[in-house]
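For reference, the structure is listed below as structure tokens.
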Amino acid sequence: MMHQKLVVANWKMNGTSADIDVLLMAMQKDSAILNQVEVSLCVPAVFLSNMRAACAHLPISWGAQNVNDKVAGAFTGEISAQMLCDVGCRYVIVGHSERRLYYGEDSPWVAQKWLAARAAALTPILCVGESLEEREKGQTLAVVMAQLDAVLKITTAKDFAHTVVAYEPVWAIGTGLTPTTGEVVSVHTALRDHLVKQYDSATSQTVRLLYGGSVKGDNAAQLLTLANVDGGLIGGASLKYETFSPIYRALI
Ligand code: PEP
């Protein structure tokens, strides 16, 4: 199955509501392009309730960068999947390496967040990726498959279908370093094959596999059009129109 490419912006803890408006205003001129490549903006949670109005005239969606694994209750400061749906989110990033590293999210916990997102009809973007040390020890595939398996073992083919997995080597995030095209293809093809083995070929083809880590305008065409790469997850370069638009423009 050929998918429309998906480009997801991860703003992390950056920007203001005015910065979002500036980006969206500039993106107005790309309306025709945005009908050919799917773009979603994962902005800080406090800005999400404004996105429905802010994006009203653009064919784009928005999403969150994290979600709580519980349905509701006494969890001060947390945000549920239902709340993200309420403000119109389509996607939620789960298991980003920064959350694994700085907030102690391990794979079983990430899997519970994934499940909560799916139960609320959000599309989770499950991030997987190895550290530099793991890559150097030859553990890349073992690490990413273990991160993926934590989710696969608690869900079904039906629920996993049409979700998104982002391969983000930790050492490539925000560093300007990227794997070689061969390294990206090898991980993405292994991820696809793993889904075929776990479920079946038809299910695996519904899952979009994004690459993330130092994607810029000048490497997007090369990295995001490789075999089994269905788009990208973009951090730093997604904050400004001048650096973000060349990335999705490279995919049409
Ligand atoms: C990310 O944080 O998901 C990411 C890919 O960051 P950057 O593009 O800045 O490397």
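Numbering of ligands and ligand atoms starts at 1, following listing order.
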### Query
Closest non-hydrogen protein atom to atom 9 (O) of ligand 1, residue and atom name please, with distance?
Gly236 N, 2.8 Å
### Query
Considering only protein heavy atoms, which is closest to atom 1 (C) of ligand 1, and at what distance to one decimal place?
His96 NE2, 3.2 Å
### Query
Looking only at N/O atoms, are Gly235 and ligand 1 under 3.5 Å apart anywhere?
yes
### Message
If you measure every N or O of Lys216 against every N or O of ligand 1, does any of those distances drop under 3.5 Å?
### Response
no
### Task
Please indicate whether any nitrogen or oxygen in Gly213 is less than 3.5 Å from any nitrogen or oxygen in ligand 1.
no
### Interfacing atoms of ligand 1 (cut-off 4.0 Å, heavy-atom, Ser214)
7 (P), 8 (O), 10 (O)
### Query
Between Ala166 and ligand 1, which residue portion shows a heavy-atom distance shorter than 4.0 Å: side chain, backbone, both, or neither?
neither
### Query
Within the distance-only criterion (no hydrogens, no angle test), does the side chain of Arg100 pair as donor or acceptor with the backbone N or O of Gly95 below 3.5 angstrom?
yes
### Query
Crowded around Glu133 CD? As in, over 12 foreign heavy atoms under 6.0 Å?
no
### Query
Should you measure from each heavy atom of Asn10, which atoms of ligand 1 turn up under 4.0 Å away?
1 (C), 2 (O), 3 (O)
### Query
Considering distance alone, does some N or O of Lys12 sit under 3.5 Å from an N or O of ligand 1?
yes
### Task
Could you find the nearest protein heavy atom to atom 3 (O) of ligand 1 and give me its residue, atom name and distance?
Glu168 OE2, 2.7 Å
### Task
List every atom of ligand 1 that sits less than 4.0 Å from any heavy atom of Leu233, numbering the atoms from 1 in the order shown and giving each element.
3 (O), 5 (C)
### Message
Taking 4.0 angstrom as the limit and counting only heavy atoms of Gly174, give me the atoms of ligand 1 inside it, by number and element.
### Response
7 (P), 9 (O), 10 (O)
### Message
Could you walk me through whether Leu84 and Val67 satisfy the side-chain contact (heavy atoms from CB on, under 4.5 Å) test, starting with their C-alpha distance in whole Å, then the side-chain angles of each, then the deciding distance to 0.1 Å, before giving a yes or no?
### Response
CA-CA 8 Å; Leu84 298 179; Val67 64; 3.8 Å; yes
### Task
Give a yes/no verdict on a cation-pi contact between Lys29 and Tyr241, requiring under 6.0 Å between NZ or CZ and the six-membered ring centre and an angle within 45° of the axis.
yes
### Task
Give a yes/no on ligand 1: does Ala172 have at least one heavy atom closer than 4.0 angstrom to it?
yes
### Message
Checking side chain to side chain donor-acceptor pair (under 3.5 Å) between Lys113 and each of Asn68, Asp69, Asn66, which is the one that passes?
### Response
Asn66
## Note on the structure
Cluster membership besides Val8, Ile/Leu/Val/Met/Phe/Trp/Tyr side chains within less than 4.5 angstrom, sorted by chain and number, is Leu6, Tyr91, Ile93, Ile125, Val164, Leu210, Leu233
### Message
Between Glu168 and Cys127 (side chain of the first, backbone of the second, donor and acceptor by atom type, cut-off under 3.5 Å), is there such a pair?
### Response
no
## Note on the structure
Logged contact type for Ile173 with ligand 1, heavy-atom cut-off 4.0 Å, is both
### Query
Can you pull the salt bridge (charged side-chain N to carboxylate O under 4.0 Å, His left out) pairs that have at least one residue in residues 146-165, sequence neighbours excluded?
none
### Query
What orientation do Trp114 and Phe160 show, parallel under 30°, tilted 30 to 60°, or perpendicular over 60°?
parallel
